[in-house]
Protein chains: 2
Amino acid sequence: MTAPQPDVGRLPEAVLRPATANVFETTVEQLATAIRLGVFVDGEQLPPERELSERLGVSRNTLRDAIAALRDSGLVTTRRGRGGGTVVTYVTPEPGSVATAVPVRRGAALADALDFRRIVEPGAAWLAARQELAGDQRAWLAESAAEVWATVDTPGHRIADSRFHLAVATLSGSPMVIESVTRAQAALGELLAAIPVLPRNITHSCEQHDAVVDAVLRGDAEAARAAMEEHCDATSALLRGLLG
Amino acid sequence: MTAPQPDVGRLPEAVLRPATANVFETTVEQLATAIRLGVFVDGEQLPPERELSERLGVSRNTLRDAIAALRDSGLVTTRRGRGGGTVVTYVTPEPGSVATAVPVRRGAALADALDFRRIVEPGAAWLAARQELAGDQRAWLAESAAEVWATVDTPGHRIADSRFHLAVATLSGSPMVIESVTRAQAALGELLAAIPVLPRNITHSCEQHDAVVDAVLRGDAEAARAAMEEHCDATSALLRGLLG
DNA sequence: GTCAAAGGGTCCGGGAACAGACCTTTGATG
DNA sequence: CATCAAAGGTCTGTTCCCGGACCCTTTGAC
């Protein structure tokens, strides 16, 4: 009576994932990611600790430990007293340290993240195009794309780029989608930062952003998705080329 | 000097999500979901506690508490001694309790889950079609679809259906995609179970499964995605109709 | 019939997280 | 200048969770 397992596509192995890392580390990671992706930009203040801890579903103690870790990494500084608080002090490091400094994600994880992004970002664009967007939302999207153009050749470019992608995701209106895009961006962030800034690539990338914006604002979901797919494929090709 | 916040699409609110629930509850939820989605079918044994706890990244104590909770809910039973273990005792409840017994997800959460699924499941099918599948994987996929046909009009139908979807996701080969599909299925599972079993709907649904399988086995990614999109749209329409 | 192996069942000490109260600093305001 | 409020900083008791050692039950193998 040897087990009658199909043994080929074992669902349990595929589905049961190791759930939780340590809460403290998770919090550090989440805040660091938010900063590196430009959710909070340089000079911006984080919300007060009590508020932030509640939003993150974490005790204030743990949050404070996490902030202390960020402080040690030089990502934020803290001032006490009224009007004090924790402000972001982060400027994108110079690219060019092409995937040497950063612990390169193992091949499988990289492919995973790229595949995931290729699915989820176009999906977000598609969904966003189907929403009825308010005037300020439309303006926000356009500004986000414009900001990417505006920061070409500045250190802020990387951040403007991820802010644009997060803006698209946000306008999809679906929390699960937003979270997915965030995770994809976070997983690739280090690597995207390593893409050499050839003017040709960047221009092309910005044009694709504009195509996405255009389609979303027109409410053309299929076009929005197609444009974002192209964009993902382009950066994906660059990255794969870079890393063999 | 009122704050110069755009205030429209505040990224922090969108991105910073409450991270962790309680480990114990997470574990219970994960196992219960796995069982309800048919990752473990009726009569099947769970892995030994020591092994399972390691895979879930949870202490054996906590895992045991979780299993005890499942036992209290009647989802599993446990026998001691060599050859003993915890076996699943779960048969899909009769549908027909249309979204009355189950705590109906709030409207927004429902829409979120449907949107997410509509993005992620077709994406999984698309990716799966691009993989080079081994012979046993191809067979597994076909069997999964066949099983759905075979269980029409039996209580096992619901489970066969989600097993099919999880199989597609698994064949995509991307852990992040697998996880996303699992979450989508879990979020909708209760509701999908409430869809009345009109023969016409079910037949149609199975035909769409077959279309997906066909396209995946042919390696036609676009067709696979399109087929899965149709499928998601169909069930989505049914659900929305059911709940106003 | 005996025994060893493979399971589940129990217990305990230590560390992580939490909740909440309280202290200190500092800018704004009357 | 005195006061206040809004922040960060500190402390404490409690709960949750982990890791690991150990016990109990059953069954297949010799």
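Each chain gets a letter, A, B and so on, in the order its sequence line appears, and its residues count up from 1. Only a predicted model underlies this, so the values are computations on that prediction, with no experimental measurement involved.
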### Task
Please work out which residues in residues 64-74 of chain A have a non-hydrogen atom less than 4.0 Å from an atom of DNA chain D and list them by number.
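Residues of residues 64-74 of chain A that come under 4.0 Å of DNA chain D are, in numerical order, A:Arg64.
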### Task
For atom CD of B:Gln45, decide whether the heavy atoms of other residues, nucleotides or ligands shown that lie under 6.0 angstrom number more than 12.
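It does: B:Gln45 CD has more than 12 such atoms within range.
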### Task
Please indicate whether A:Glu49 has more than 12 foreign heavy atoms, meaning atoms of other residues, nucleotides or ligands, lying under 6.0 Å from its CD.
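Yes, the 6.0 Å shell around CD holds more than 12 heavy atoms from other groups.
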### Task
Compare all side-chain heavy atoms of A:His209 with those of A:His165 and state whether any distance is below 4.5 angstrom.
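In short, these two side chains touch, coming nearer than 4.5 Å.
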### Message
Do A:Ser172 and B:Asp115 make a side-chain contact, defined as non-hydrogen atoms from C-beta onward lying under 4.5 Å apart?
### Response
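With C-beta onward as the side chain, the pair stays apart.
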### Query
A:Thr86: what forms a side-chain contact (heavy atoms from CB on, under 4.5 Å) with it, not counting sequence neighbours?
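Only A:Leu46, A:Ile67, A:Val76, A:Thr78 meet the side-chain contact (heavy atoms from CB on, under 4.5 Å) criterion with A:Thr86.
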### Query
Whole-Å distance between C:dG8 C1' and B:Glu51 CD?
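It is 15 Å, rounded to the nearest whole Å.
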### Task
Find the distance B:Glu49:CD to C:dT10:C1' and express it as a whole number of Å.
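Those two atoms, CD and C1', are 12 Å apart.
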### Message
B:Phe24: which residues meet the ring-ring contact (aromatic ring centres under 6.0 Å, His included) condition with it, sequence neighbours left out?
### Response
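For B:Phe24, no residue satisfies ring-ring contact (aromatic ring centres under 6.0 Å, His included) once neighbours in sequence are set aside.
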### Task
Taking atom types as modelled, find out whether A:Thr62 and A:Ser59 have a side-chain donor-acceptor pair closer than 3.5 angstrom.
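A:Ser59 and A:Thr62 do have a side-chain donor-acceptor pair below 3.5 Å.
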### Query
Taking all non-hydrogen atoms of both residues, which atom of B:Val120 and which atom of A:Ile119 are closest, and how far apart?
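Reported closest heavy-atom pair: CA-CG2, 4.4 Å.
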### By salt bridge (charged side-chain N to carboxylate O under 4.0 Å, His left out) - contacts of B:Arg117 (at least two apart)
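Result, salt bridge (charged side-chain N to carboxylate O under 4.0 Å, His left out) vs B:Arg117: B:Glu121.
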### Message
Using a 3.5 Å distance criterion without hydrogens, assess whether the side chain of A:Glu51 forms a donor-acceptor pair with backbone atoms of A:Pro48.
### Response
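Checking the backbone N and O of A:Pro48 against the side chain of A:Glu51, no donor-acceptor pair under 3.5 Å is found.
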### Message
How would you summarise protein contacts on nucleotides 11-21 of chain C per nucleotide, using B for base, S for sugar-phosphate only and - for none, with heavy-atom distances below 4.0 Å?
### Response
BB----SBBB-
### Where protein sits on nucleotides 25-30 of chain C, one letter per nucleotide: B base, S sugar-phosphate only, - none, heavy atoms under 4.0 Å
BBB---
